[in-house]
Trainee: 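This structure is in structure tokens; I'll ask about it shortly.
All residue numbers in this chain count up from 1 along the given sequence. Treat the numbers as computed from the prediction; the structure is a model and nothing was measured. Both backbone and side-chain heavy atoms feed into the values below; hydrogens, waters and symmetry mates do not.
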Amino acid sequence: VVSEETLPGKVGATVVVRAEAQNGYEGYTITPGRQSLVLVKEAASNVITFQMYNAGDLKYTVRYLRNGAVILDKGIAEAPAAEFNVYPTQDDVTALRQKGYGIVESSMRAVFGSETHIHVDFTLECIDFTITYKGLEGVTGWADGSGSNPNPGTYTVETPTFRLVNPEKEGYTFLGWTTDATAEIGAHNGLNVAIAKGSRGDLVFTATWEEIPKPDVEITKTADKTENVAVGETVTYTITVTNTGNVELTNIAVADPLTGDTWTIEYLAVGAKETFTAKYVVTEADAEAGQIVNNVTVTGGGLNEEPEE
């Protein structure tokens with residue numbers, strides 16, 4: 001006992017005593033810095049005791065906990081006083097974010113009692129990371145039958161492993177999800193993307209597509225004479241073939257059985273057209289029939305036969 005002092009008081013009263021520096025013990029830390037006591041009848045129980053330590057005797061350890069588990073331990077450090085505030089460092093904030101956690105408290109109060117080594121524990125919470133989906137314009141459905149995107153927009157480092165549901169789009173084949181986040185989620189199969197528990201970081205997935213080939217053409221045919229055509233007159237037909245599909249066409253055969261003319265289109269780009277003319281002399285049979293039937297056909301290039309009357 002370095003010193004002691006007896007003070008008067010009434011039973012039931014609360015007394016508050018602050019620690020005072022002691023002569024001859026300069027450089028010592030007194031803990032705790034303040035104590036309170038409710039006085040009772042038994043005098044032996046009305047005792048307040050302060051401990052004195054060399055400054056270097058007090059040690060503390062800063063820890064960051066998630067549900068009681070230590071995520072980051074800063075190790076033992078020398079305490080600057082018996083009571084002081086502890087603040088997370090920017091390095092701690094960065095290191096914990098890289099692990100997927102944020103710190104709940106902005107500071108903690110370190111208070112020494114009878115122990116010379118204490119823990120200062122901060123509480124951690126999971127950071128919500130975002131997931132952004134691109135390339136979904138024109139989507140007509142999802143592989144699980146959902147009417148809208150069933151994939152989550154956020155996740156945390158503690159989210160159980162989940163797989164992305166693939167989109168569907170009429171007229172297209174889904175090639176897979178692409179992402180630059182391989183560092184966050186590891187190597188992945190674009191058609192079967194799994195985001196494992198423990199992954200972290202904001203993610204962007206882009207749906208990639210390939211249009212299903214659909215070769216198609218439009219055939220138009222006009223005649224320069226359509227009424228009051230006499231036997232022996234010549235009718236000139238103008239035939240136009242337009243590539244209305246989504247693929248280039250090659251080696252297309254165009255035939256007009258009525259006139260006996262045939263043509264070959266070696267190459268026809270999407271949206272491009274080729275025009276031909278054919279002539280036909282009206283016969284007696286045409287006059288008796290009252291009409292001239294002329295069916296032009298287009299074949300090849302992956303097309304089904306396309307007639308045009």
Trainee: Using distance alone, with no hydrogens and no angle criterion, decide if Thr123 and Glu105 have a side-chain donor and acceptor under 3.5 Å apart.
Mentor: yes
Trainee: Taking the side chain as every heavy atom from C-beta outward, state whether Asn294 and Asp256 have any atom pair closer than 4.5 Å.
Mentor: yes
Trainee: Can you name the nearest heavy-atom pair linking Ser106 to Pro88, along with the distance?
Mentor: O-CD, 3.2 Å
Trainee: Does any part of the side chain of Asn46, heavy atoms only, come nearer than 4.5 Å to the side chain of Val40, both counted from C-beta?
Mentor: yes
Trainee: Quick check for you: to the nearest 0.5 Å, what is the distance between Lys197 atom NZ and Glu158 atom CD?
Mentor: 6.5 Å
Trainee: Please determine if Glu125 and Arg66 form a salt bridge, counting it only when a charged side-chain N lies under 4.0 Å from a carboxylate O.
Mentor: no
Trainee: In Å and rounded to the nearest 0.5 Å, what is the NZ to CZ distance from Lys221 to Phe276?
Mentor: 14.5 Å
Trainee: Distance check, rounded to the nearest 0.5 Å: Leu203 atom CG versus Ile131 atom CD1?
Mentor: 5.5 Å
Trainee: Which heavy atom of Pro215 sits nearest a heavy atom of Leu249, and at what distance?
Mentor: CB-CD2, 3.8 Å
Trainee: Go through the steps for Tyr280 and Asp286 under the test side-chain hydrogen bond (donor to acceptor under 3.5 Å, both in side chains), then give the verdict.
Mentor: CA-CA 11 Å; Tyr280 177 70; Asp286 296 327; 2.6 Å; yes
Trainee: Which heavy atom of Val38 sits nearest to which heavy atom of Gly12, and what is that distance?
Mentor: CG1-O, 3.9 Å
Trainee: Donor-acceptor pair, Tyr155 side chain versus Gly201 backbone, under 3.5 Å?
Mentor: yes
Trainee: Does the side chain of Tyr64 come under 3.5 Å of the side chain of Asp92 through a donor N or O and an acceptor N or O?
Mentor: yes
Trainee: For the residue pair Phe122 and Val104, establish whether any side-chain heavy-atom pair is separated by less than 4.5 Å.
Mentor: no
Trainee: Please check if the side chain of Lys169 supplies one atom and the backbone of Glu137 the other of a donor-acceptor pair under 3.5 Å.
Mentor: yes
Trainee: Taking a hydrophobic cluster as the set of Ile, Leu, Val, Met, Phe, Trp and Tyr residues connected by side-chain heavy atoms closer than 4.5 Å, whether directly or through intermediates, do Val139 and Leu191 fall within one such cluster?
Mentor: yes
Trainee: Kindly determine whether Thr206 and Thr179 satisfy side chain to side chain contact (heavy atoms under 4.5 Å, CB included), including the steps that lead there.
Mentor: CA-CA 7 Å; Thr206 301; Thr179 182; over 6 Å; no
Trainee: Please evaluate residues Val231 and Thr283 with respect to the criterion side chain to side chain contact (heavy atoms under 4.5 Å, CB included), reporting the C-alpha separation (whole Å), side-chain torsions for both, the decisive distance (0.1 Å), and the verdict.
Mentor: CA-CA 5 Å; Val231 174; Thr283 66; 5.7 Å; no
Trainee: Could you give the distance from CG (Leu65) to NE2 (His119), rounded to the nearest 0.5 Å?
Mentor: 9.5 Å
Trainee: Donor-acceptor pair, distance only, cut-off 3.5 Å: does the side chain of Asp128 make one with the backbone of Thr154?
Mentor: no
Trainee: Looking only at atom types and distance, does a side-chain atom of Asn243 sit under 3.5 Å from a main-chain N or O of Ala272, one as donor and one as acceptor?
Mentor: no
Trainee: Can you find a pair of side-chain heavy atoms, one from Val93 and one from Ile103, that are under 4.5 Å apart?
Mentor: yes
Trainee: Do Trp209 side-chain atoms and Gly135 backbone N/O form a donor-acceptor pair below 3.5 Å?
Mentor: yes
Trainee: Minimum heavy-atom separation for Trp142 and Ser148, please, with both atom names.
Mentor: NE1-C, 3.4 Å
Trainee: Can any side-chain N or O of Asp202 pair as donor or acceptor with the backbone N or O of Phe129 at less than 3.5 Å?
Mentor: no
Trainee: Looking only at the side chains, is there a donor atom on one of Asn166 and Trp177 sitting less than 3.5 Å from an acceptor on the other?
Mentor: yes
Trainee: Does the gap between the ring centers of Tyr60 and Phe84 come in under 6.0 Å?
Mentor: yes
Trainee: Would you call Leu164 and Phe205 a side-chain contact if the rule is heavy atoms closer than 4.5 Å?
Mentor: yes
Trainee: Hey, is Arg63 close enough to Asp121 for a salt bridge, meaning N to O under 4.0 Å?
Mentor: yes
Trainee: Do the side chain of Glu233 and the main chain of Ala230 share a donor and acceptor less than 3.5 angstrom apart?
Mentor: yes
Trainee: Would you compute the distance between atom NZ of Lys99 and atom CZ of Arg200 and round it to the nearest 0.5 angstrom?
Mentor: 7.5 Å
Trainee: Pairing donors with acceptors under 3.5 angstrom, does anything connect the side chains of Asp91 and Thr94?
Mentor: no
Trainee: Quick one: salt bridge (Lys or Arg N to Asp or Glu O under 4.0 Å) pairs with a partner in residues 272-281, sequence neighbours left out?
Mentor: none
Trainee: Do side-chain atoms of Asn192 reach the backbone of Asn189 as a donor and acceptor pair under 3.5 angstrom?
Mentor: no
Trainee: Consider only side-chain heavy atoms of I, L, V, M, F, W and Y, link residues closer than 4.5 Å, and tell whether Tyr267 and Ile252 are in one cluster.
Mentor: no
Trainee: I'd like to know if the side chain of Thr140 and the backbone of Glu170 have a donor-acceptor N/O pair within less than 3.5 Å.
Mentor: yes
Trainee: Set out, in order, the CA-CA distance, both residues' side-chain angles and the distance that settles side chain to side chain contact (heavy atoms under 4.5 Å, CB included) for Thr222 and Tyr237, then state yes or no.
Mentor: CA-CA 6 Å; Thr222 60; Tyr237 293 100; over 6 Å; no
Trainee: Any chance you could measure Leu124, atom CG, to Ile71, atom CD1, to the nearest 0.5 Å?
Mentor: 6.5 Å
Trainee: Strictly distance-based, threshold 3.5 Å: is any side-chain N or O of Ser107 a donor or acceptor partner for the main-chain N or O of Val86?
Mentor: no
Trainee: Hey, does Val15 have a side-chain heavy atom less than 4.5 Å from the side chain of Leu7?
Mentor: no
Trainee: Hey, which of Thr262, Ile265, Asp261, Ile219 is the one that makes side chain to side chain contact (heavy atoms under 4.5 Å, CB included) with Val254?
Mentor: Ile265
Trainee: Check Ala81 against Leu58 and note the closest heavy-atom contact, atom names and distance.
Mentor: O-CD1, 4.1 Å
Trainee: For residues Met108 and Tyr87, determine if any side-chain heavy atom of one lies less than 4.5 Å from a side-chain heavy atom of the other.
Mentor: no
Trainee: Could you state whether Val281 and Ile292 fall into the same hydrophobic cluster, counting links through intermediate Ile, Leu, Val, Met, Phe, Trp or Tyr residues with side-chain heavy atoms under 4.5 angstrom apart?
Mentor: no
Trainee: Report yes if some heavy atom in the side chain of Pro150 is under 4.5 Å from a heavy atom in the side chain of Asp144; otherwise report no.
Mentor: yes
Trainee: Nearest heavy-atom pair of Ile127 and Gly102: which atoms, and what distance?
Mentor: CG1-N, 3.6 Å
Trainee: Mind checking whether Leu39 and Val17 sit in one hydrophobic cluster, side chains of I, L, V, M, F, W, Y counted as touching below 4.5 Å?
Mentor: yes
Trainee: Please determine whether side chain to side chain contact (heavy atoms under 4.5 Å, CB included) holds for the pair Asp73 and Thr61, giving the CA-CA distance in whole Å, both sets of side-chain angles, and the decisive distance to 0.1 Å.
Mentor: CA-CA 7 Å; Asp73 187 322; Thr61 299; 3.2 Å; yes
